[in-house]
Amino acid sequence: MATPDFSQLGGRTDTEKRSFWSRPEGILGMIVLAGVAGFGLVYFNRIIEFLIRATSNILELGLLLGALGVLIFLFTSKDVRTAVFFLFKSMMRSITGTVIQLNPIAIMKIYVQDLREKREKMQGQINTLAGQLVKLNKKINENNETIKQKFAEANKANSLSDRPGMRESAQLATIEGAGLQEMNEKLFPLQRNMKQVLAFMEKVNQSADYIIKETEIKVRLKETEYQIVKESSNALKTAVSIFKGDPDKKFYFDQSMEYIQDDMSQKLGEMKRAMDLSMDFINGVDIQNGILSDKGVALLEAYNKGEFKMVQLDAPAQPVILGPTPAKDAGYKNLLD
């Protein structure tokens with residue numbers, strides 16, 4: 001179902017056909033001009049005092065007249081006024097666009113809330129109008145009952161016309177009944193008009209409810225789409241940043257890589273130097289192992305030939321060659337050699 005367009009009831013109201021002052025930036029411009037005017041009114045006395053002091057000096061008066069002439073030229077020049085107007089218009093449009101760009105979804109929700117408030121206000125007016133219609137109907141019915149009563153009184157008085165004052169009473173009752181009938185004849189078109197207006201406002205209320213709900217659904221849809229697009233854009237930016245990299249973070253990354261490379265080079269150099277220094281010791285160990293291995297092979301051959309002599313615990317002691325008296329700890333000096 002298409003959304004009913006009420007904008008054509010009062011003629012074309014397209015944004016392109018509206019004047020600058022009827023647009024949001026024009027309204028903001030009027031607010032700014034009102035603020036400037038209010039500022040001028042607040043400081044009006046100071047401005048007048050300044051002008052009085054300025055006119056007390058001829059030189060200042062000349063400068064003031066020159067400035068006044070420039071202002072008159074600017075205000076009377078069509079090109080200047082057009083340029084200033086477009087500059088002012090561009091500034092107001094830029095400010096309005098900035099406000100919209102801050103949070104467009106919030107602005108749309110505020111618009112929907114404004115529609116709801118207007119609908120609630122219209123519902124209150126409908127209730128008031130319905131109450132007035134009830135009062136009007138009640139008044140017409142009361143007048144009809146009173147008319148019947150007055151005409152009955154008039155008939156009764158006419159039947160007793162031979163009595164004093166009855167004709168006057170009948171005439172007065174007839175006049176009152178005729179006046180109430182005339183009032184009802186004038187109230188009836190008003191009552192009919194109120195019924196038509198009330199019926200129209202009820203239809204508008206129903207249409208407004210539909211429009212508000214549809215607009216709210218559109219806002220929720222746009223909010224979801226906008227959120228998804230923003231998240232997708234952020235994800236894409238993150239993916240692109242993987243390839244481009246953050247300049248600041250990449251600087252620290254490169255510095256860390258360079259430090260690790262330098263540290264590895266230094267440690268590898270230290271390891272190579274330690275290996276070179278230990279080669280002499282390793283070669284000596286290899287030589288000793290070779291000598292012991294050859295000796296072991298020779299002893300094995302002697303053992304196999306029966307020429308190997310083991311150390312006997314009960315063998316006679318070897319003669320001890322006496323020499324100079326050794327030092328107290330001399331026997332322990334070569335214990336670990």
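Sequence positions, counted from 1, serve as the residue numbers for this chain.
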Show, in sequence, the C-alpha distance, side-chain angles and deciding distance for K272 and L268, and conclude whether the side-chain contact (heavy atoms from CB on, under 4.5 Å) test is met.
CA-CA 6 Å; K272 186 176 183 301; L268 289 174; over 6 Å; no
Answer yes or no: is there a side-chain heavy-atom contact under 4.5 Å between [X] and [Y]?
X	Y	answer
M201	V197	yes
N184	F188	no
Y210	Q206	no

Taking [X] for its side chain and [Y] for its backbone only, find out whether a donor-acceptor pair lies under 3.5 Å.
X	Y	value
N234	K230	yes
D114	I110	no
D209	N205	no
N155	F151	yes

At what distance, to the nearest 0.5 angstrom, does [atom1] of [X] lie from [atom2] of [Y]?
X	Y	atom1	atom2	result
L115	K213	CG	NZ	14.0 Å
M122	N127	CE	CG	10.5 Å
Q266	M271	CD	CE	13.0 Å
S207	E202	OG	CD	11.0 Å
L129	L133	CG	CG	7.0 Å
L198	Q132	CG	CD	11.5 Å

Run the numbers on E142 and K138 for side-chain contact (heavy atoms from CB on, under 4.5 Å), then give the verdict.
CA-CA 6 Å; E142 289 178 353; K138 184 178 179 181; 3.3 Å; yes
Taking 4.0 angstrom as the limit, do E182 and K186 come out as a salt bridge?
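Salt bridge present between E182 and K186.
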I'd like to know if R273 pairs up with E270 as an ion pair, taking the criterion as any Lys NZ or Arg NE/NH1/NH2 lying under 4.0 Å from an Asp or Glu carboxylate oxygen.
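Between E270 and R273 there is no salt bridge, as every charged N stays at least 4.0 Å from the carboxylate O atoms.
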Which residue, I175, I140, T146, forms the side chain to side chain contact (heavy atoms under 4.5 Å, CB included) with L180?
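Of the listed options, the one satisfying the test is T146.
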Cluster overlap F200 with L190, hydrophobic side-chain contacts below 4.5 Å:
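Yes, one cluster joins them.
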Under the side-chain contact (heavy atoms from CB on, under 4.5 Å) rule, what do Y111 and V219 come out as? Steps first, then yes or no, please.
CA-CA 10 Å; Y111 173 73; V219 171; over 6 Å; no
Applying salt bridge (Lys or Arg N to Asp or Glu O under 4.0 Å), run through E117 and K121 and close with a yes or a no.
CA-CA 6 Å; E117 292 176 356; K121 182 179 179 180; over 6 Å; no
E231 and Q227: side chain donor to acceptor below 3.5 Å
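There is such a pair (donor and acceptor under 3.5 Å, judged by atom type) between the side chains of E231 and Q227.
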Specify the closest pair of heavy atoms between G177 and I147, including all atoms of both residues, with the distance to one decimal.
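Between these two residues, the closest heavy atoms are O-CG1, 3.6 Å.
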Does atom CD (Q113) have a neighbourhood of more than 12 heavy atoms from anything else shown, all under 6.0 Å?
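Result for CD/Q113: enclosed.
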Could you walk me through whether R116 and E120 pass salt bridge (Lys or Arg N to Asp or Glu O under 4.0 Å), step by step?
CA-CA 6 Å; R116 289 186 177 278; E120 292 177 357; over 6 Å; no
Please output the side-chain donor-acceptor pairs of residues 255-262 that fall under 3.5 Å, not counting sequence neighbours, one pair per line with the distance.
unit_1 : atom_1 : unit_2 : atom_2 : d
S256   : OG     : Y252   : O      : 2.8

Clusters formed by hydrophobic residues whose side-chain heavy atoms approach within less than 4.5 Å: which one holds V229, and what are its other members?
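Cluster partners of V229: none, it stands alone.
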